[in-house]
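To keep things clear, I will list the structure first and then write my remarks on it.
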Amino acid sequence: MAMSLPQQIGALSGTPISAESGIISGDMMPATLIPRLRSPTTSLRCAARATDIDRVSPSPPLSPRIGGMRPDLSIACQALMTEEVAAPVEVMEYKEAVGGAQVKEKGVPVYVMMPLDSVTTGNKVNRRKAVNASMQALKSAGVEGVMMDVWWGLVEREAPGEYNWGGYLELLEMAKKHGLKVQAVMSFHQCGGNVGDSCTIPLPKWAVEEIDKDPDLAYTDQWGRRNYEYISLGCDTLPVLKGRTPIQCYSDFMRAFRNRFEHLLGDTIVEIQVGMGPAGELRYPSYPEKNGTWKFPGIGAFQCYDKYMLSHLKAAAEAAGKPEWGSTGPRDAGEYNNWPEDTNFFRKEGGGWNCPYGEFFLTWYSQMLLNHGESILSSAKSIFDNAGVKISVKIAGIHWHYGTRSHAPELTAGYYNTRFRDGYLPIAQMLARHGAIFNFTCIEMRDHEQPQDAQCAPEKLVRQVALATGEAQVPLAGENALPRYDESALEQILNASSLDVDGDEGEEREMCAFTYLRMNPDLFQPDNWRRFVAFVKKMKEGKGGDRCWEQVEREAEHFVHVSQPAVALAH
């Protein structure tokens, strides 16, 4: 059973939330703050029934400048925590206009990820009223749209070729009603087992049945551990899924999506993000958290030991005139939670990664991943050609041990990036061939915030990716890897989105979009929401916006409001 949204958020935050969230009512405010209220309202509380809550983080203290929670936020926050909203609320859209005309959008548009379980296993919208109220609040803040996972394991769950779009029909119409654009993720992976996964949505039943009959359809490590998150790319072109190849299954799914939602493509649905691996990212499942297999900042493990991957390796070794290299992957690359210097393969001095065998293996391993991306992108491009949507691919921000010579965690994930080799330029060039967007994570992180002994360097990694996408002339979009609401993280996203890297200071280049993780009750807490609204405004301003946070936050207060007083929530 999927976890409830309060449990989801608790899983992300790891701390309990009090049912008393501390929203200050009008009669408790200091006299100096009372004039700041725009309309008289009854005391509103962002609270949930105690029986609904397991582990959700406590609300932050109120900003003394804001005083109380705006009615629209109270409604949205209450809705996300419970199933009931007291009354429908009209939210006025934030628009900037000059002389009565709508100004053309500039800067970086912001999207917000929806909860992973927005659609239930019964193909219904989960917490319909909550989602509706939240979309209203997001629109009022100037958010461009939302990102939603369209789960293969839900839509084609029962039988091959039988698609139940149930909850997605309603969700997409809801987004359209609110004037929100949609980034639709073709999620061909399992939900559960990765950072931030708070519910479980397996692959389609019939696909799992085939994996059970032939376990080599699952990615496999050198110890024989199978991973059911995503079907091994080693069998991409083999009819192993009840007569269809995995690539054909993905293509048929995307084609069915296009046919069903053709009326929304290019207007409401503006982007198709094509899932290509675990967590929807183009990578191998080299660092699975499930059952404690991997823990940060372990180097992970190569995933090439199923019979299909080994067959490809054998053929590549024979073609290279080195058949002895084709029987197995590296046996001295350590275990999931080792560090580079613990291993012979990844150590800086004399490591196997930097010898002829290592170069052969890593070239093959990374090229298999690129070929996988190429195959799916070719299909996606033909299916959505002239549909008015952009195609994007997500690349993981693997920033730990980035300061070492071998970059071991990137290598096990399939990114052949070392101190002596740029592993992101080939990915960017592959995306460029298909006109796709390079979507990158960990944009919110700063180097000094990370464990220094693990030589984490997310800022340097983002800079390298920005340079690679600039050289390949590929649009770069971003996401935050972990939920962050603090001003430091939001400022870091602002800085990174400007793409001011060496050599292009004068170039008018910015991220093409940013997707914020994620819609949840914490986002609608007063201080978090005020900062987020200001962040959205600053992102929309783009380069040249030099106003301070305080000024933008004050302005944001005037744009995010309801057009009528909200009805007080019961209890």
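Atom set for the values below is all heavy atoms of this structure, side chains included, hydrogens, waters and symmetry mates excluded. All residue numbers refer to positions in the sequence shown, counting from 1.
- Considering CG of Asp306 and CD1 of Ile211, their distance stands at 11.0 Å, rounded to 0.5 Å.
- Sorted by first then second residue, the side-chain hydrogen bond (donor to acceptor under 3.5 Å, both in side chains) pairs that include residues 353-366, not counting sequence neighbours, number zero.
- Here the closest non-hydrogen pair linking Ala472 and Ala428 is CB-CB, 3.7 Å.
- In this model, no donor atom of one side chain and acceptor atom of the other lie less than 3.5 Å apart for Thr220 and Arg225.
- Here the closest non-hydrogen pair linking Arg419 and Gly403 is NH2-O, 2.7 Å.
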Tell me which donor-acceptor pairs under 3.5 Å the side chains of residues 454-462 have, and how far apart each pair is, sequence neighbours excluded?
residue: Glu459; atom: OE2; partner: Asp447; partner atom: N; Å: 2.7
residue: Lys460; atom: NZ; partner: Asp447; partner atom: OD2; Å: 3.0

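- Between the Tyr415 side chain and the Ala396 main chain, a donor and an acceptor come within less than 3.5 Å of each other.
- Heavy-atom minimum distance, Leu517 versus Ala481: CD1-O, 4.1 Å.
- Classified by interplanar angle (parallel below 30°, tilted 30° to 60°, perpendicular above 60°), the ring pair Tyr516/Phe532 is tilted.
- Distance alone, capped at 3.5 Å, is enough to place a donor-acceptor pair between the Glu444 side chain and the Leu482 backbone.
- Within the 4.5 Å cutoff, the side chain of Val146 has heavy atoms near those of the Leu138 side chain.
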**Prompt:** So Met186 and Ile272, side chain to side chain contact (heavy atoms under 4.5 Å, CB included) or not? Walk me through it.
**Reply:** CA-CA 7 Å; Met186 304 290 101; Ile272 302 294; 3.7 Å; yes
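- Looking only at distances, a side-chain donor or acceptor of Trp151 sits under 3.5 Å from a matching main-chain atom of Leu116.
- In terms of modelled atom types and a separation under 3.5 Å, the side chain of Ser118 and the main chain of Met114 share no donor-acceptor contact.
- Counting heavy atoms from C-beta outward, Leu370 and Ile427 have side chains that approach closer than 4.5 Å.
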**Message:** One pair to check against side chain to side chain contact (heavy atoms under 4.5 Å, CB included): Arg226 and Tyr219. What are the steps and the verdict?
**Reply:** CA-CA 6 Å; Arg226 309 286 189 178; Tyr219 281 118; over 6 Å; no
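- Between the Glu271 side chain and the Ala184 main chain, no donor and acceptor come within less than 3.5 Å of each other.
- Residues in residues 465-475 take part in these side-chain hydrogen bond (donor to acceptor under 3.5 Å, both in side chains) pairs, two or more places apart or across chains: Thr469-Arg509.
- Considering all non-hydrogen atoms of both residues, Gly107 and Glu510 come closest at CA-OE1, 3.8 Å.
- A centroid separation of 6.0 Å or more is found between the aromatic rings of Trp152 and Tyr230.
- For the ring-ring contact (aromatic ring centres under 6.0 Å, His included) criterion with Tyr287, the lone passing option out of Phe302, Phe296, Trp400 is Trp400.
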**Message:** Run Ser392 and Asn439 through side chain to side chain donor-acceptor pair (under 3.5 Å) and show every step you take.
**Reply:** CA-CA 7 Å; Ser392 69; Asn439 188 309; 4.9 Å; no
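- Stacking of Arg421 on the aromatic ring of Tyr416 is recorded, both the 6.0 Å distance cut-off and the 45° axial limit being met.
- For the side-chain hydrogen bond (donor to acceptor under 3.5 Å, both in side chains) test, residues two or more places apart in sequence or in another chain that qualify with Asp422 are Gln464.
- Atom CG of Leu282 sits about 4.0 Å away from atom CG of Leu369, to the nearest 0.5 Å.
- Classification of the His401-Trp339 ring pair by plane angle, with boundaries at 30° and 60°, yields perpendicular.
- Using a 3.5 Å distance cut-off with no hydrogens or angles, the side chains of Gln183 and Thr515 do pair a donor with an acceptor.
- For the atom pair OH of Tyr305 and CG of Asp216, the computed distance is 14.0 Å after rounding to the nearest 0.5 Å.
- Using a distance-only test at 3.5 Å, with no hydrogens or angles considered, no donor-acceptor pair links the side chain of Thr441 to the main chain of Gly478.
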**Request:** Test Arg531 against Glu491 for salt bridge (charged side-chain N to carboxylate O under 4.0 Å, His left out), laying out the working first.
**Result:** CA-CA 10 Å; Arg531 281 190 291 265; Glu491 284 184 339; over 6 Å; no
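- Side-chain atoms of Tyr308 and Leu217, non-hydrogen and from C-beta on, do get closer than 4.5 Å to each other.
- With respect to the salt-bridge test (charged N to carboxylate O, under 4.0 angstrom), the residues Arg347 and Asp342 do not qualify.
- Annotation: side chain of Met445 is not in contact with side chain of Gln492 (no heavy-atom distance under 4.5 Å).
- Between the side chain of Asn337 and the main chain of Thr293, a donor-acceptor pair closer than 3.5 Å is present.
- The distance from atom CD1 of Ile376 to atom NZ of Lys381, rounded to the nearest 0.5 Å, is 16.0 Å.
- In this structure, the side chain of Ser406 engages the main chain of Phe346 through a donor-acceptor pair within 3.5 Å.
- Listed by first and then second residue, the salt bridge (charged side-chain N to carboxylate O under 4.0 Å, His left out) pairs involving residues 308-321 are Lys314-Glu318 (not counting sequence neighbours).
- Atoms OG1 and CG, from Thr245 and Leu238 in turn, are 8.0 Å apart once rounded to the nearest 0.5 Å.
- Under the 6.0 Å cut-off for aromatic ring centres, Phe188 and Phe253 qualify, their centroids lying closer than that.
- Put simply, the side chain of Val389 does not reach to within 4.5 Å of the side chain of Val270, judged on heavy atoms.
- Between the side chains of Ser187 and Asp149, at least one donor N or O sits under 3.5 Å from an acceptor N or O.
- Within the 4.5 Å cutoff, the side chain of Met276 has no heavy atoms near those of the Glu281 side chain.
- For Tyr336 and Trp294, the gap between ring centers reaches or exceeds 6.0 Å.
- No side-chain heavy atom of Tyr250 sits less than 4.5 Å from a side-chain heavy atom of Val274.
- Between the Glu341 side chain and the Lys348 main chain, a donor and an acceptor come within less than 3.5 Å of each other.
- Within the structure, salt bridge (charged side-chain N to carboxylate O under 4.0 Å, His left out) pairs that include any residue of residues 391-416 comprise Glu349-Arg405, Lys394-Glu479 (at least two apart or interchain).
- Listed for the Gln303 side chain is a donor-acceptor partner under 3.5 Å among the backbone atoms of Ala301.
- With respect to the salt-bridge test (charged N to carboxylate O, under 4.0 angstrom), the residues Arg433 and Glu374 qualify.
- Put simply, the side chain of Lys295 does not reach to within 4.5 Å of the side chain of Glu289, judged on heavy atoms.
- Counting only N and O atoms by type, the side chains of Arg283 and Ser286 include no donor and acceptor under 3.5 Å apart.
- Contact detail for Leu425 and Ala468: the closest heavy-atom pair is CD1-O, 3.7 Å.
- One distance of note links CD1 of Ile443 with CZ of Phe514; it measures 7.0 Å at 0.5 Å rounding.
- Contact detail for Thr343 and Asn338: the closest heavy-atom pair is CG2-CB, 4.1 Å.
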